[in-house]
Amino acid sequence: MMRTLHKRWNNLFLALIFTVLTVCSLSAVSVLPVSAADDLPRLVDMADLLSDSEESDLSDMLDEISERQQVDIVVVTVDSMKGETAMVYADDFYDYNGYGFGYDHDGVLLLISMEEREWYISTCGYGITAITDAGREYISELFVSDLSAGDYAAAFTNFASLCDDFITQAKTEEPYDVGNLPDDAAFDPVWGLLVALAVGFVISLIVTGIMRGQLKSVYSQYTANNYIKQGSMQLTKKNDLYLYKHIDRRKKAESSSSSSSHSSGGSRTHTSSSGSRHGGGGGKF
């Protein structure tokens, strides 16, 4: 009787140890997700901005880039962030839904919130290296106009393609950053205005030159003698009067030892609620 009871206690003790070891092993595995494919898909269109065919095409594109680069590229759309900031919502969505490759959870997530008309890019792991602050601003200039126009499929496809290019650049050469952005930068409206003014000025010179060449009987006069009747004007008094006074004052430039992370390049980072390190930024559309 005692031998049987002792045997049962041993079996129970061994079963308890086995259960504890199994739980610990599963917990260790869950901390290091291999890919987002085990959890949510890389396209989560909760705001229903895309048609079925657009969703299918974009999902295939995100999966192909992510698996090839071993960096998750994720697009999430929501109707509202329900009071959360875009940074918190994007970071938490990324962290708590298993996105990211490897120990550093490498990836990039684009969040679109329709109620707030806001976009946000959250980077993690190698995504922070590949998509710097300057790089993120460059990328946004090339897809935000499509967001504003309501062409969401084009915006998301452009975003994914640019992320692919930036990750490839970071792996093969120096990451795109301040002073090292792609040559085909987005067209700057200010430069466009300056070019238009310059072209207009050149055209006006040509036109006025032609018109002046057609004037055969009119010549420029360097003095007013030809327009004054001789002896009709006598100067009896002459004074010099200063009508205007103009003084230029310029503030002496102050030296500063501090500089923003954007001017010096790289990525500013922060810690999310899960304790992960993220980069990122966003704006309105």
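Model, not experiment: these values are computed from the prediction.
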Less than 4.5 Å apart, any side-chain heavy atom of Arg117 and any of Leu147?
no
Side chains of His105 and Asp72, donor plus acceptor under 3.5 Å:
no
Using a 3.5 Å distance criterion without hydrogens, assess whether the side chain of Thr77 forms a donor-acceptor pair with backbone atoms of Met46.
yes
Residue pair Ser140 / Glu137, side-chain donor-acceptor N/O under 3.5 Å:
no
Give the cluster check for Ile128 versus Val178: same hydrophobic cluster or not, with ILVMFWY residues linked at side-chain heavy-atom distances below 4.5 Å.
no
Side chain to side chain donor-acceptor pair (under 3.5 Å) against Thr129, all qualifying residues, sequence neighbours excluded
none
Which pairs count as salt bridge (charged side-chain N to carboxylate O under 4.0 Å, His left out) when at least one residue sits in residues 48-57, sequence neighbours excluded?
none
At what distance, to the nearest 0.5 angstrom, does CG of Leu162 lie from CD1 of Ile139?
5.5 Å
Roughly how far, to the nearest 0.5 Å, is OG of Ser59 from CG of Leu43?
4.0 Å
Does the Asp133 side chain pair with the main chain of Gly280, one donor and one acceptor, at a distance under 3.5 Å?
no
Drop me the distance from Thr269's OG1 to Arg277's CZ, to the nearest 0.5 angstrom.
4.0 Å
Residues forming a salt bridge (Lys or Arg N to Asp or Glu O under 4.0 Å) with Asp63, sequence neighbours excluded
Arg42
Residue pairs passing the ring-ring contact (aromatic ring centres under 6.0 Å, His included) test where at least one lies in residues 112-135, sequence neighbours excluded:
Trp119-Phe143
Kindly indicate whether the side chain of Leu62, heavy atoms from C-beta on, has any atom under 4.5 Å from the side chain of Val75.
yes
Kindly state each residue pair satisfying salt bridge (charged side-chain N to carboxylate O under 4.0 Å, His left out) with at least one member in residues 100-113, sequence neighbours excluded.
none
If the condition is side chain to side chain donor-acceptor pair (under 3.5 Å), which residues does Ser273 pass it with, not counting sequence neighbours?
Asp92, Tyr96
Of all residues at least two apart in sequence or in a different chain, which pass the salt bridge (Lys or Arg N to Asp or Glu O under 4.0 Å) check with Glu118?
Lys284
For Pro175 and Asn180 the tightest heavy-atom approach is O-ND2, 2.9 Å
With sequence neighbours left out, what residues match Ser272 under side chain to side chain donor-acceptor pair (under 3.5 Å)?
Asp95, Ser274
Using atom types as modelled and distance alone, determine if a side-chain donor or acceptor of Lys171 lies under 3.5 Å from a backbone N or O of Gln69.
yes
Between Tyr94 and Gly107, is there a donor-acceptor pair closer than 3.5 Å when you use the side chain of the first and the backbone of the second?
yes
For the side chain of Thr132 and the backbone of Tyr176, is there at least one donor-acceptor N/O pair under 3.5 Å apart?
yes
Report yes or no: does Gln169 contribute a side-chain atom to a donor-acceptor pair with the main-chain N or O of Glu174 at less than 3.5 Å?
yes
Can you list the steps and then say if Val78 with Leu111 is a side chain to side chain contact (heavy atoms under 4.5 Å, CB included)?
CA-CA 8 Å; Val78 297; Leu111 169 70; 4.1 Å; yes
Measure the spacing between CG of Asp177 and CZ of Arg136 and express it to the nearest 0.5 Å.
11.0 Å
Which residue pairs satisfy the side chain to side chain donor-acceptor pair (under 3.5 Å) criterion with at least one member in residues 144-163, sequence neighbours excluded?
none
The test is side chain to side chain contact (heavy atoms under 4.5 Å, CB included); show your working for Leu40 and Phe93 and say whether it passes.
CA-CA 10 Å; Leu40 287 180; Phe93 196 97; 3.8 Å; yes
For residues 83-90, please give each side-chain donor-acceptor pair under 3.5 Å, one per line with the distance, not counting sequence neighbours.
from: Thr85; atom 1: OG1; to: Val88; atom 2: N; distance (Å): 3.2

Would you sort out whether Leu50 and Leu58 count as a side chain to side chain contact (heavy atoms under 4.5 Å, CB included), showing the intermediate values?
CA-CA 9 Å; Leu50 303 174; Leu58 181 59; 3.8 Å; yes
Would you find a donor on one side and an acceptor on the other, under 3.5 Å apart, between the side chain of Ser66 and the backbone of Ile73?
yes
Counterpart residues, salt bridge (Lys or Arg N to Asp or Glu O under 4.0 Å), relative to Arg68 (two or more places apart):
Glu64, Asp164
Testing the basics here: between Pro41 and Tyr99, what is the closest heavy-atom pair and its distance to 0.1 Å?
O-OH, 2.7 Å
Using atom types as modelled and distance alone, determine if a side-chain donor or acceptor of His278 lies under 3.5 Å from a backbone N or O of Thr123.
yes
My understanding is that only residues two or more places apart in sequence, or in another chain, count here; which of them pass side chain to side chain contact (heavy atoms under 4.5 Å, CB included) with Ser56?
Asp60
Can you give me the closest heavy-atom contact between Ser113 and Asp79, atom names plus distance?
OG-O, 4.1 Å
Can a donor-acceptor pair be found, under 3.5 Å and without considering hydrogens, that links the side chain of Glu173 to the backbone of Ala170?
no
Do you know which two heavy atoms are closest between Cys163 and Val108, and how far apart they sit?
SG-CG1, 4.2 Å
Do Met81 and Glu115 come within less than 4.5 Å of each other through their side chains, counting heavy atoms only?
no
